[in-house]
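Encoded as structure tokens, the structure appears first; notes follow it.
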Amino acid sequence: MAEYKHLEVEKKWQQYWQENKIYEVSIDPSKPKYYILDMFPYPSGAGLHVGHPLGYIATDIISRFKRLKGHNVLHPMGFDAFGLPAEQYAIQTGQHPAITTETNIGRYKEQLTNLGFSYDWSREVRTSEPSYYKWTQWIFKQLFNSWYNKDSDKAEHIDTLIASFTKTGNHSINAVCDDDVPAFSSADWNSWSEEAQQRMLLKYRLTYIAETTVNWCPALGTVLSNDEVKDGFSERGGHPVVKKSMAQWSMRITAYADRLITGLDKIDWPEPIKDMQRNWIGKSYGAEVDFAIENSDKKIRVFTTRIDTIYGVSFMVVAPEAEIVQYLTTPEQKQVVEDYIAVAKNRSERERMSDVKTVSGVFTGSYVLHPFSGEKIPVWIADYVLAGYGTGAVMAVPSGDQRDFDFAKHFDLPIVQIIDSQKITDTEADATKEGRMINSGILDGLTPPEAIDKAIAEVEQKGIGVRKVNYRLRDAIFGRQRYWGEPIPVHFKNGIPYLLEDNELPLNLPEVDKYLPTEDGAPPLGRADNWQYKDGTPYELTTMPGWAGSSWYFFRYMDPDNDQEFASEKALDYWQQVDFYMGGSEHATGHLLYSRFWTKFLYDMGFIKVDEYAKKLVNQGMIQGRSNFVYRVKNENKYVSFGLRKEFDTYPVHVDVNIVKDDILDMEAFKSFRPDAEDAEFVLENGKYICGWEVEKMSKSKYNVVNPDDLVEKYGADTLRMYEMFLGPIEQSKPWNTNGIEGVYKFLRKFWTLFHNNREDEFVVSDEPASKEELKILHGLLKKIEDDIERLSLNTSVSNFMIAVNELGALSCNKRAILEPMVITLAPFAPHLSEELWSLLGHNETIFNASFPVFDPTHLVEDSFEYPIMVNGKMRAKIQLGADLSKEEIESQALAHPNVQKWTEGKPPKKVIVVPKKIVNVVV
RNA sequence: GCGGAUGUGGCGAAAUUGGUAGACGCACUAGACUUAGGAUCUAGCGCCGCGAGGCAUGGGGGUUCGAGUCCCUCCAUCCGCACCA
């Protein structure tokens with residue numbers, strides 16, 4: 001009997017696509033463009049598991065659908081090829097990371113090809129290729145050559161800043177820059193040496209070197225950005241991370257903090273992602289106020305969002321790392337303060353965080369004076385105050401802030417109620433904003449919001465404070481003490497960085513003997529011979545972080561081979577921005593934020609015309625592992641089936657999910673999986689060994705990795721693709737479960753047999769016109785499929801296919817009139833299968849560029865409405881109505897229908913919507 | 001603690017604007033065909049009940065002729081942020 005040979009068919013068509021460059025696209029102004037993008041993968045050594053392609057399958061379906069709707073679809077793929085695993089493998093084995101990366105990419109491409117994706121591989125990019133990172137370096141140069149002008153609210157070329165300095169100094173400049181910039185005049189500027197001028201400019205550049213507290217990971221020997229640290233451990237590898245002060249390259253992303261928030265309003269991204277970004281940026285409105293230190297000309301500046309509570313301040317707290325500490329500490333307190341700071345320094349970030357509840361701190365011996373009341377207020381040091389946020393000092397209001405409250409209780413400091421409605425208990429402060437101010441001098445009787453305005457006006461008038469917006473977002477650390485990354489295109493003269501010329505790019509990654517730091521602790525690039533500029537000055541030793549290359553790759557796909565520009569104006573104008581971006585939500589505060597930052601920068605500088613790169617973003621859910629277990633009896637070579645395990649003293653043992661089907665263990669395979677089970681005894685239920693299961697992360701050690709290659713081999717790519725869609729909503733996370741894949745496989749065979757002779761492997765199609773019933777099935781399907789795909793309900797569209805094919809199968813329908821639109825409809829799901837059929841029809845030329853109006857079924861009037869009415873005595877019916885009839889006419893037409901009666905029970909429906917042409921359909 | 005999401009049969013799940021809850025698939029049951037098979041086909045399949053019928057979308061309450069869907073409240077699970085002043 002003839003059957004569908006998926007392996008032959010798929011291989012044949014993949015070859016055909018490749019040879020005929022079917023999926024290569026070029027600029028075509030006659031068609032609307034559609035740019036649909038997947039997050040490019042890091043090619044790890046483990047290859048793709050069954051979870052990775054989920055998003056790729058969805059975007060491939062939409063790509064094919066859009067092509068059939070007449071769009072010119074850009075659907076590229078590439079590799080985020082710089083990364084830590086290849087470097088660590090290199091450290092262990094000495095193998096150059098480029099070789100490892102090349103091998104892994106080869107494997108990835110093979111797997112992706114087997115899955116039948118319609119990528120334009122001619123546009124592939126790899127971030128580790130010099131022809132690509134040349135342009136990453138070029139963008140770095142642009143950032144270095146720019147400053148952020150708050151007045152125009154955009155980045156500008158550094159020359160405009162130099163021009164101002166030369167003419168008027170920095171008095172009229174309103175820039176985002178380092179905190180320690182002094183005021184200077186044009187005379188000052190012009191008198192400075194070249195070196196001094198460069199040092200000053202560095203404080204303004206959008207990428208700059210500054211002494212900053214960084215996340216240092218000793219195990220990895222490198223710094224990490226905030227988003228690469230999770231709970232005090234490195235995201236990759238899970239090594240402890242400590243704070244350390246170092247001179248570092250940074251990117252002034254904080255300049256864009258506000259625009260990164262407001263920009264979210266105009267893009268169609270999932271609300272959780274937007275919230276995470278807003279949270280991460282952490283904008284808060286408040287004020288900064290100076291508290292003068294008693295018997296000193298110094299002062300402590302604090303940031304507060306609740307300046308209304310200023311009369312409730314009963315002490316001040318300064319972070320242990322704050323510079324001001326040295327001026328505050330009195331001789332008597334010197335020892336305890338130094339001890340406390342030493343302890344705080346040695347505590348890792350992790351310890352500090354896990355120890356949130358312990359209250360600790362020391363008194364400095366100094367007092368400040370309350371700016372309004374002039375009262376003496378003691379100054380303490382405590383590590384609950386973070387050096388990195390605000391000014392590193394807080395005014396403590398124990399009545400309104402829980403942390404201040406706990407501190408006050410612990411050290412027996414006064415707690416003053418300042419709002420009449422405050423309910424302060426023995427253990428809890430009350431942060432209310434309701435009520436009226438009390439015990440608050442000039443603020444008495446005001447509501448807190450009024451008090452905020454009045455207090456700010458007061459401090460501004462006194463010149464001791466200012467209204468201030470604060471952000472949680474920090475500048476992004478840009479240098480990594482690693483080998484496998486983009487070299488930073490600068491060289492140093494007298495410690496000042498100078499850029500390489502454009503024609504000196506790319507600055508290629510040099511060869512090194514080992515991928516480890518040098519003996520004196522310099523990064524691996526310190527091992528390279530002649531790592532210096534042509535004039536003999538040294539190059540930078542750190543490389544760029546992983547997010548550099550991925551922050552602009554979506555533009556490179558538009559014009560990947562261009563060696564004059566990162567992409568031509570023509571390509572950028574045509575493709576504009578990504579219309580549909582699919583990827584994981586784990587990149588919310590990393591890649592997805594950094595690339596918005598770079599996009600806005602490139603926009604400011606006029607290189608691109610969009611300031612958001614992705615119109616719509618969808619997060620595919622994560623596929624988790626579904627581990628299987630067998631239950632071994634303690635101290636015996638005996639395994640008990642799941643249902644009986646409680647009758648014995650057992651413990652669960654992971655078993656390879658690939659030797660378990662429908663939770664039934666293949667006992668023979670198990671014996672070779674665990675050789676020591678060769679002579680094991682199995683306690684069965686109903687003659688079967690049933691395994692238990694649990695949802696865990698997919699990983700080799702849990703034996704729950706399902707390899708897509710095996711499934712493609714067994715069932716074909718089409719089956720796997722459809723099954724992954726069938727699994728559930730695309731956005732939802734779910735455990736992988738191969739149970740049920742047979743159902744999809746059966747469906748595809750059924751479809752194939754509709755048009756193939758049962759006895760011989762022969763394609764048979766009838767030229768008879770389709771019957772009314774057959775057409776109804778077809779058009780119903782077309783309508784549903786279009787709706788399903790457009791609202792991204794790919795799981796139901798698979799179901800709808802199955803239903804239609806089953807119905808047609810029941811009618812033994814093999815008509816050409818059905819087949820052609822079916823094939824187009826089916827194409828997004830079963831590219832190999834359907835295109836095979838299509839070619840047999842002799843249309844293989846057209847399918848790939850076709851624009852058929854098949855998705856416009858005209859038998860239903862658009863904008864139809866429902867009119868609730870009784871049908872068959874039940875209180876429910878939908879009547880779909882056309883336009884231009886009165887309510888009475890509609891009703892009489894409806895009532896003319898044999899099954900429809902007038903509404904009689906209860907109140908009439910509230911919603912009586914009547915309008916359009918005529919009654920087109922009564923749905924019972 | 002703050003923010004977000006999810007909760008429907010034995011399982012994955014459908015239900016597009018409030019209108020026959022459980023489509024489709026898996027698993028299961030019975031039957032047919034068969035060289036007895038992990039193939040194919042047919043039928044059944046939420047729960048209780050012989051039945052008529054009753055009860056069912058995490059729990060409780062509300063709006064409505066009508067609620068999985070809208071509102072209030074509680075519970076559970078998952079994710080993100082977390083001493084951010």
| said: So if I take every side-chain heavy atom of A:Val394 and compare against B:C83, B:A15, B:A85, which nucleotide ends up nearest? | reply: B:A85

| query | Within this structure, what is the CD-to-P distance between A:Glu742 and B:G12, rounded to whole angstrom? | reply | 19 Å

| said: Please report the interatomic distance CG(A:Leu473) to NZ(A:Lys283), rounded to the nearest 0.5 Å. | reply: 12.5 Å

| query | Rounding to the closest angstrom, what is the interatomic distance between B:A27 and B:C48 at atom P? | reply | 23 Å

| remark: Taking B:C24, B:U16, B:A14 as options, the one with an atom nearest any side-chain atom of A:Ile803 is B:C24

| message | I'd like to know whether NZ of A:Lys299 has more than 12 heavy-atom contacts from other residues, nucleotides or ligands below 6.0 angstrom. | response | no

| field | Nearest-nucleotide pick for A:Arg403, side chain only, options being B:A14, B:C24, B:A85 | value | B:A85

| task | Taking atom P in both B:G54 and B:U63, compute the distance separating them and give it to the nearest angstrom. | result | 23 Å

| message | By nearest atom, which of the nucleotides B:A85, B:C84, B:U16 is closest to the A:Val385 side chain? | response | B:A85

| field | Watson-Crick/G-U partner (both atom distances under 3.5 Å) of B:U69 | value | none

| query | Do we get A:Arg301 above A:Phe303's six-membered ring, with its NZ or CZ under 6.0 Å from the centre and within 45° of the axis? | reply | no

| request: Run the salt-bridge test on A:Arg278 and A:Asp275 with the 4.0 Å N-O cut-off and return the result as yes or no. | output: yes

| request: Give A:Asn737 one of three labels, base, sugar-phosphate or nothing, depending on what nucleic acid heavy atoms sit under 4.0 Å from its own. | output: nothing

| For atom CZ of A:Phe801 and atom P of B:C24, their distance in whole Å | 17 Å

| Partner nucleotide of B:G1 by Watson-Crick or wobble geometry (both distances under 3.5 Å) | B:C81

| request: Using only side-chain N and O atoms of A:Arg749, determine if any of them is under 4.0 Å from OP1 or OP2 of B:A39. | output: no

| To the nearest Å, how far apart are A:Glu786 CD and B:U16 P? | 18 Å

| A:Asp710 and A:Asn658: side chain donor to acceptor below 3.5 Å | no

| Touch class at under 4.0 angstrom, heavy-atom based, for A:Asn795 against every strand present | sugar-phosphate

| Does OP1 or OP2 of B:G25 have a side-chain N or O of A:Tyr723 closer than 4.0 Å? | no

| request: Counting heavy atoms from C-beta on, name the nucleotide in B:C81, B:G25, B:A85 closest to the side chain of A:Leu386. | output: B:A85

| query | Looking at A:Lys283, does any N or O in its side chain come under 4.0 Å of the phosphate oxygens OP1/OP2 on B:C84? | reply | no

| field | B:G10 glycosidic torsion: syn (within 90° of 0) vs anti | value | anti

| query | Taking atom P of B:A85 as reference, at what distance in whole Å does atom CH2 of A:Trp380 sit? | reply | 23 Å

| task | Check the distance between B:G80's P and A:Leu593's CG and give it to me in whole angstrom. | result | 17 Å

| task | Mind checking A:Arg474 for me? I need base, sugar-phosphate or nothing, with any heavy atom below 4.0 Å counting as a touch. | result | nothing

| Side chain of A:Asp275 (C-beta onward), nearest among B:G3, B:G25, B:C81 | B:G3

| Qualifying residue, where the test is ring-ring contact (aromatic ring centres under 6.0 Å, His included) with A:Tyr723 and the options are A:Trp736, A:Tyr715, A:Phe747 | A:Trp736

| Does the side chain of A:Asn470 pick up a donor-acceptor pair with the side chain of A:Ser284 at under 3.5 Å? | no

| message | I want to verify a distance call: between B:C24, B:U16, B:A14, whose nearest atom is closest to the A:Arg791 side chain? | response | B:U16

| note | B:A39 -> Watson-Crick or G-U wobble partner, both distances under 3.5 Å, gives none

| message | Taking only side-chain N and O atoms of A:Arg301, does any of them lie within less than 4.0 angstrom of OP1 or OP2 on B:A85? | response | no

| request: Select one nucleotide: of B:G12, B:A85, B:U40, the one nearest the side-chain heavy atoms of A:Lys746. | output: B:U40

| task | Using the C1' atoms only, state how far B:G18 lies from B:U64, rounded to an integer number of Å. | result | 9 Å

| request: Could you please name the partner base of B:C47, counting Watson-Crick and G-U wobble pairs only when both distances are under 3.5 Å? | output: B:G54

| said: In whole Å, I'd like the distance from the CD atom of A:Glu586 to the C1' atom of B:C79. | reply: 12 Å

| said: Using whole Å, what does the distance between atom P of nucleotide B:U40 and atom NE2 of A:His756 come to? | reply: 18 Å

| Below 4.0 angstrom, N of the basic side chain to O of the carboxylate: do A:Glu742 and A:Arg749 qualify? | no

| remark: Considering only heavy side-chain atoms of A:Gln732, the closest of B:A23, B:A13, B:C84 is B:A13

| field | Among B:C81, B:C26, B:A13, the nucleotide that comes nearest once only the side chain of A:Trp280 is considered | value | B:C81

| said: So A:Asn806, base contact, sugar-phosphate only, or nothing? Heavy-atom distance under 4.0 Å. | reply: sugar-phosphate

| said: Run A:Asp787 and A:Lys783 through salt bridge (charged side-chain N to carboxylate O under 4.0 Å, His left out) and show every step you take. | reply: CA-CA 6 Å; A:Asp787 291 350; A:Lys783 170 87 175 130; 3.7 Å; yes

| request: For B:G68 and B:A14, measure between their C1' atoms and round to the nearest Å. | output: 11 Å

| message | Could you tell me how far B:U29 sits from B:G10 if I compare only their C1' atoms? Round to whole Å. | response | 13 Å

| task | Quote, to the nearest angstrom, the P distance that separates B:U42 from B:U6. | result | 38 Å

| task | Under a 3.5 Å limit for both distances, which nucleotide forms a Watson-Crick or G-U wobble pair with B:U6, could you say? | result | B:A76

| Using the C1' atom in both, what is the distance from B:A82 to B:G4, to the nearest Å? | 14 Å

| request: Can you tell me the distance, in whole Å, between the CZ atom of A:Phe405 and the P atom of B:G1? | output: 17 Å

| Of A:Glu271 and A:Arg306, the one whose closest RNA chain B nucleotide lies more 5' | A:Glu271

| query | Using the P atom in both, what is the distance from B:G66 to B:U73, to the nearest Å? | reply | 23 Å

| query | Which sits closer to the 5' end of RNA chain B, A:Gly728 or A:Met276, going by the nucleotide each is nearest to? | reply | A:Gly728

